[in-house]
Amino acid sequence: MNESYKELLVKKDRGTKEKLIRFGSVALTVILGLLTFVMNPMIFFIIMIVLGVVDYFVFQWTDIEYEYLYLDKEITVDKIMAKTRRKRITTVSVEKVEIMAPEKSYQLDSYRNRQTKVTDFSAGHDLPDQKLYWIFYEGNQKILMNLTEDFARTIKGIAPRKVFTE
């Protein structure tokens, strides 16, 4: 029985939008906190408490990691928010994968113009020890993932004609 197990954790980079949302929510809370000393303290204090709770959720939604788990011909993707909450997003069956290759691979040339739904479970770019891989899945979906060479080689051992590492 050929069972392989691999696990990989990828932290999604915060873009400019997420950084601005974080900064704006905290700045608004601090400004309202300062206004409690100058104006009617009770109203601004209640608004400041509500914005503090909103800040908590903003920080949860903008701190995201993805965990890839390969076990028995399936890649499971979990989303981890703020290192506290985990949610299973999808399961990719290797048998239904059309092709899996690095972003800049020539093997993807015939797939590049295909109009498909794009699902991004990556950091957004190549990382020092991880490449950005495109996975064309079931003919109608393109999945982006950051994979290490060892993770990709494990999958290639199961589906050598579908997985390319160069």
Side-chain angles (χ1 to χ4, degrees), residues 4-30 50-109 111-156 158-159 162-166:
S4 297
Y5 175 83
K6 289 290 178 188
E7 190 174 334
L8 182 63
L9 191 66
V10 175
K11 181 156 180 66
K12 183 175 173 121
D13 286 344
R14 280 187 216 110
T16 307
K17 178 181 160 188
E18 286 87 4
K19 289 178 184 176
L20 285 174
I21 290 171
R22 278 181 155 207
F23 177 76
S25 66
V26 171
L28 189 60
T29 305
V30 169
V50 169
L51 283 176
V53 171
V54 169
D55 290 347
Y56 171 77
F57 287 110
V58 165
F59 273 72
Q60 289 265 324
W61 294 327
T62 57
D63 186 16
I64 297 173
E65 295 177 333
Y66 294 108
E67 182 184 53
Y68 312 139
L69 179 68
Y70 174 75
L71 178 65
D72 196 28
K73 297 182 183 180
E74 287 186 341
I75 303 169
T76 305
V77 180
D78 291 346
K79 182 179 185 179
I80 303 169
M81 293 182 281
K83 296 181 176 84
T84 57
R85 294 179 25 209
R86 173 185 297 265
K87 180 180 179 184
R88 172 143 308 148
I89 297 178
T90 190
T91 302
V92 176
S93 173
V94 174
E95 295 168 351
K96 295 180 183 177
V97 168
E98 285 184 48
I99 187 170
M100 180 175 125
E103 179 182 33
K104 297 175 177 111
S105 175
Y106 71 91
Q107 302 287 345
L108 293 171
D109 288 346
Y111 292 87
R112 292 194 196 280
N113 294 330
R114 194 184 275 190
Q115 298 297 318
T116 59
K117 176 184 166 194
V118 177
T119 310
D120 190 358
F121 304 131
S122 70
H125 55 82
D126 285 348
L127 297 173
D129 61 339
Q130 300 170 354
K131 288 182 184 176
L132 187 63
Y133 275 78
W134 288 12
I135 301 171
F136 284 87
Y137 186 64
E138 292 187 324
N140 60 355
Q141 189 175 11
K142 177 170 68 171
I143 301 170
L144 298 173
M145 301 172 92
N146 282 86
L147 301 178
T148 60
E149 196 167 321
D150 185 42
F151 198 96
R153 258 190 276 120
T154 302
I155 300 169
K156 185 173 183 162
I158 300 299
K162 296 178 181 181
V163 180
F164 301 94
T165 55
E166 75 280 340

Exercise for review: Given side chain to side chain contact (heavy atoms under 4.5 Å, CB included), test E166 with Q107 step by step and report yes or no.
Suggested key: CA-CA 9 Å; E166 75 280 340; Q107 302 287 345; 3.5 Å; yes

Practice task
Just do the side chain to side chain contact (heavy atoms under 4.5 Å, CB included) check on R112 and W134 with the steps written out, would you?
Solution key: CA-CA 10 Å; R112 292 194 196 280; W134 288 12; 3.7 Å; yes

Practice task
Go through the steps to decide whether I21 and W61 satisfy the test side chain to side chain contact (heavy atoms under 4.5 Å, CB included), and finish with yes or no.
Solution key: CA-CA 10 Å; I21 290 171; W61 294 327; over 6 Å; no

- Query: Could you walk me through whether Y111 and T116 pass the side chain to side chain contact (heavy atoms under 4.5 Å, CB included) check?
  - Reply: CA-CA 10 Å; Y111 292 87; T116 59; over 6 Å; no

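Taking both residues in full, the closest heavy atoms of L108 and E103 are given as CD1-O, 4.0 Å, listed atom of the first, atom of the second, then distance. Taking each heavy atom of A152 and Y133 in turn, the nearest pair found is CB-OH, 3.5 Å. The heavy-atom pair separating F151 from E7 by the smallest distance is CE1-N, 4.1 Å. Nearest heavy-atom pair, V77 versus Y66, reported as atom, atom and distance to 0.1 Å: CG1-CD2, 4.3 Å.
With E74 contributing its side chain and L71 its backbone, the two residues share no donor-acceptor pair below 3.5 Å. The backbone N or O of S93 lies less than 3.5 Å from a partner atom in the side chain of Y137, making a donor-acceptor pair. Listed for the N146 side chain is no donor-acceptor partner under 3.5 Å among the backbone atoms of V10. Looking at R14, its side chain does come within 3.5 Å of a backbone N or O of T62 through a donor-acceptor pair. A donor-acceptor distance shorter than 3.5 angstrom exists from the side chain of K162 to the backbone of E95, with no hydrogens or angles considered.
For the side chain to side chain donor-acceptor pair (under 3.5 Å) with S122, the lone residue among T119, D120, D126 that qualifies is D120. Residue I155 forms a side chain to side chain contact (heavy atoms under 4.5 Å, CB included) with just one option from V94, I135, V92, and that option is V94. When R86, K79, R88 are each tested for a side chain to side chain donor-acceptor pair (under 3.5 Å) with E67, only one passes: R86.
Side-chain atoms of L69 and Y5, non-hydrogen and from C-beta on, do get closer than 4.5 Å to each other. Annotation: side chain of R22 is in contact with side chain of V58 (closest heavy-atom distance under 4.5 Å).
With a 6.0 Å radius and a threshold of 12 heavy atoms from other residues, nucleotides or ligands, K11 has its NZ atom above the threshold.
Atom-to-atom distance recorded for E18:CD and L20:CG is 9.5 Å, nearest 0.5 angstrom. Here the straight-line distance linking atom CG of L8 with atom CG of D129 works out to 8.0 Å at 0.5 Å rounding. Taking NZ from K131 and CD from E149, the interatomic distance works out to 6.0 Å, rounded to the nearest 0.5 Å. Rounded to the nearest 0.5 angstrom, L147 CG and T154 OG1 are separated by 10.0 Å. For the atom pair CG of D78 and OG1 of T90, the computed distance is 10.5 Å after rounding to the nearest 0.5 Å. How far CD1 of I80 is from CZ of R85: 12.5 Å, rounded to the nearest 0.5 Å.
Side-chain contact of S25 with D55: a donor-acceptor pair under 3.5 Å is present, judged by distance alone.
Ion pairing between E98 and R114 holds under the 4.0 Å rule for side-chain N and carboxylate O.
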